[in-house]
**Q** 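If you scroll down you'll find the structure; I have some questions about it.
One-based numbering along the sequence shown. No hydrogens, no waters, no symmetry mates; every other heavy atom, side chains included, goes into these values. Small disclaimer: the values here were computed from a predicted structure and weren't measured.
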Amino acid sequence: MMAYRLLNRIFVGVVVVASSLAASAGIRPNGWHELKTTNFTLVTDLPVQEAKLRIQELELFRAVVLKVTNAEADSGGLPTKAYVFSRRKDFSQVTKKGGVLGWFRSSLRGNVMAYSAKTTGLQNRLVAQHEYVHSIMAASGAVYPRWYSEGLADMLGAIYIKDGRVVIGGEIVGRIKRLSAGDVYVPLSRIISKEDIWNWNVYLASFFYSMSWATVNYMYTGRLVGKDDHGKNLPEYLNLISKGIPSLEAFKSSFGISPKKMEEEVLEFLTIKRRGVLAIPADRFEFDDSLQIRRLDEKQVLYEIAYLMVERNPKGARKLFKEILSDDPSNKRAAAGIAVSWQMEKKWDTGLEAAAAALDDKDHIPSLEYADMVLLFCMQSKRSASNERLLLTAISEYGKVLVLKPNDPEAQIGLAKSFSLLSKKLEVARDYAKAVLHLVPGDAEVNYLLGHIFVQLGEYENALKYLLTASRLTHSERLLAMIRIDLLIINAVDGGSSD
């Protein structure tokens, strides 16, 4: 749970307010199925035949994205679970906000996407698919400039299937409206140069995303309507970026025109009423279409939905977990879920007590939830005297997880963080962090952690390698601030350069 809280990305413009939700008055727990393919698990209350089409579309989407991005795999083999709701109001009750179109969550436990099947057009899947594209790009470990990363994720996130063809480059109406609104403006040269937009207001950020999408879309499809084929220059541009050349300099060198000229071409392209799209026969993309289907009982559905909603609606999730326990008092996962719901409300003492009571020698999940909760509490707490005792408790529980589920990445990263916080067994912490990084080489947080552990070990050359990689992979000001601290330590102790 801790990992996905740090990485959770919900694309809504307002804060989601939690309120309680009774299962009897909300989501129907009957009629749900779980469908499994090689790369996806689909949990849905759609009719089985429609659900089959949905999961096959996800496999096809993945195959297209891998092909376009030249990625070898996604998320280091971590699973992706998609929740698709047949009724929009059910999805809204989970998110507790009607304006949420979909969301994607990435963690070491696996990717999760959720959306309603009844939202019109591309909206129901665009946000989730946009973020899934990011997960594939990150899994490769390659470094992309922010504008290209966001623009490509938008373009590929809007992929749809029509008449047996995969359509790439379709328009996103909201993006075009933002660019034509005329109330804000950011020159393309600044967009190309900008890596961190965390302090931009919502209108400037929206313009950034919209212009990034429009530029990438133009580069890939402009040639279809007689425009210059700028797409052929993208490999050179990305190669220069990988060598550390500043984005604006690499742009001018690769495309041979100024950002201002490119901007004019992009905006002129958007005025064309019938813009070209790439329509590729779906049978050109290979994927394993093997499928397993099972019907979920009501208790399983309640747990899946409660776990899905616990972060943004802890009271509602707690009610569902309690409903499970009323029928099955021995269900330790539901008891652990209640503990997590208290944690989400910052009621640490209640949460920790409930998590400890939920431990089960035969199930790794309650131990993982308890250890994550203890670790997160220690990371936020200033009570250093009690932290060491608590961290030793977390280490013990993570150890139990690895006995029940060897090589579990959440337990491994938890151990690496715990030993790092204690400044003990740093070689062990290093090895655990390396094992997880092998699974997710493009994860900025894991690269930072490994770099930080090398700083603690006094191995500054190795530390620089991972810290600088983390700085290129992240746009988080919080993480960048921590990276800067470690770089300052290296410079002060080693006299080296972090430029």
**Q** Are any non-hydrogen side-chain atoms of Glu236 and Asn239 less than 4.5 angstrom apart?
**A** no
**Q** Are the side chain of Asn447 and the backbone of Thr469 linked by a donor-acceptor contact shorter than 3.5 Å?
**A** no
**Q** Taking NZ, NE, NH1 and NH2 as the nitrogens, is one of them in Glu304 or Lys81 under 4.0 Å from a carboxylate oxygen of the other?
**A** yes
**Q** Using distance alone, with no hydrogens and no angle criterion, decide if Ser86 and Asp45 have a side-chain donor and acceptor under 3.5 Å apart.
**A** yes
**Q** Taking Ser247 for the side chain and Ile192 for the main chain, is one N or O donor matched with an acceptor at less than 3.5 Å?
**A** yes
**Q** Is any NZ, NE, NH1 or NH2 atom of the basic residue among Glu34 and Arg295 found under 4.0 Å from an Asp or Glu carboxylate oxygen of the other?
**A** no
**Q** Using a 4.5 Å cut-off on heavy atoms from C-beta on, say whether the side chain of Leu152 contacts that of Leu156.
**A** yes
**Q** Any chance the side chains of Asn111 and Ser106 put a donor and an acceptor closer than 3.5 Å?
**A** yes
**Q** Taking atom NZ as the centre, does Lys162 end up with more than 12 heavy-atom neighbours from other residues, nucleotides or ligands that are less than 6.0 angstrom away?
**A** no
**Q** Do Tyr398 and Tyr432 have their ring centres less than 6.0 Å from each other?
**A** no
**Q** Do the charged groups of Glu265 and Lys227 touch, with an N to O distance under 4.0 Å?
**A** no
**Q** How long is the straight-line distance from CD1 of Ile191 back to CG of Leu204, given to the nearest 0.5 Å?
**A** 9.5 Å
**Q** A quick test of your reading: do over 12 heavy atoms of other residues, nucleotides or ligands sit less than 6.0 Å from CG of Asn201?
**A** yes
**Q** Which pair of heavy atoms, one from Ile453 and one from Ala416, lies closest together, and at what distance?
**A** CD1-O, 4.2 Å
**Q** Would you say the rings of Trp32 and Phe85 are close, in the sense that their centroids are separated by under 6.0 Å?
**A** yes
**Q** Would a distance-only check, ignoring hydrogens and angles, find a side-chain to backbone donor-acceptor pair under 3.5 Å from Glu263 to Leu188?
**A** yes
**Q** Looking only at the side chains, is there a donor atom on one of His33 and Thr44 sitting less than 3.5 Å from an acceptor on the other?
**A** no
**Q** Nearest 0.5 angstrom please: Arg178 CZ to Asp183 CG, how far?
**A** 4.5 Å
**Q** Aromatic rings Phe255 and Phe251: how do their planes relate, parallel, tilted or perpendicular, breaks at 30° and 60°?
**A** tilted
**Q** More than 12 non-hydrogen atoms from neighbouring residues, nucleotides or ligands closer than 6.0 Å to CD on Glu477, yes or no?
**A** yes
**Q** Does Ser210 use its side chain to pair, donor to acceptor, with the backbone of Ser206 at less than 3.5 Å?
**A** yes
**Q** Would you kindly say whether Asn39 and Glu59 are connected by a side-chain donor-acceptor distance under 3.5 Å?
**A** yes
**Q** So does Pro47 get a backbone contact from the side chain of Glu50, meaning a donor-acceptor N/O pair under 3.5 Å?
**A** no
**Q** Could you tell me whether Glu369 and Arg109 have a side-chain N and a carboxylate O separated by less than 4.0 Å?
**A** yes
**Q** Considering all heavy atoms of both residues, which atom of Leu404 and which atom of Asp363 are nearest to each other, and what is their separation?
**A** CD1-C, 3.6 Å
**Q** Would the distance check show the side chain of Arg275 and the main-chain N or O of Leu270 forming a donor-acceptor pair, the cut-off being under 3.5 Å?
**A** yes
**Q** Looking only at atom types and distance, does a side-chain atom of Ser149 sit under 3.5 Å from a main-chain N or O of Pro145, one as donor and one as acceptor?
**A** no
**Q** Specify whether Phe207 and Tyr185 have parallel, tilted or perpendicular ring planes, treating 30° as the upper limit for parallel and 60° as the lower limit for perpendicular.
**A** perpendicular
**Q** Relative to each other, are the rings of His130 and Tyr209 parallel, tilted or perpendicular (30° and 60° limits)?
**A** perpendicular
**Q** Relative to the ring of Phe40, is the ring of Tyr132 parallel (under 30°), tilted (30 to 60°) or perpendicular (over 60°)?
**A** tilted
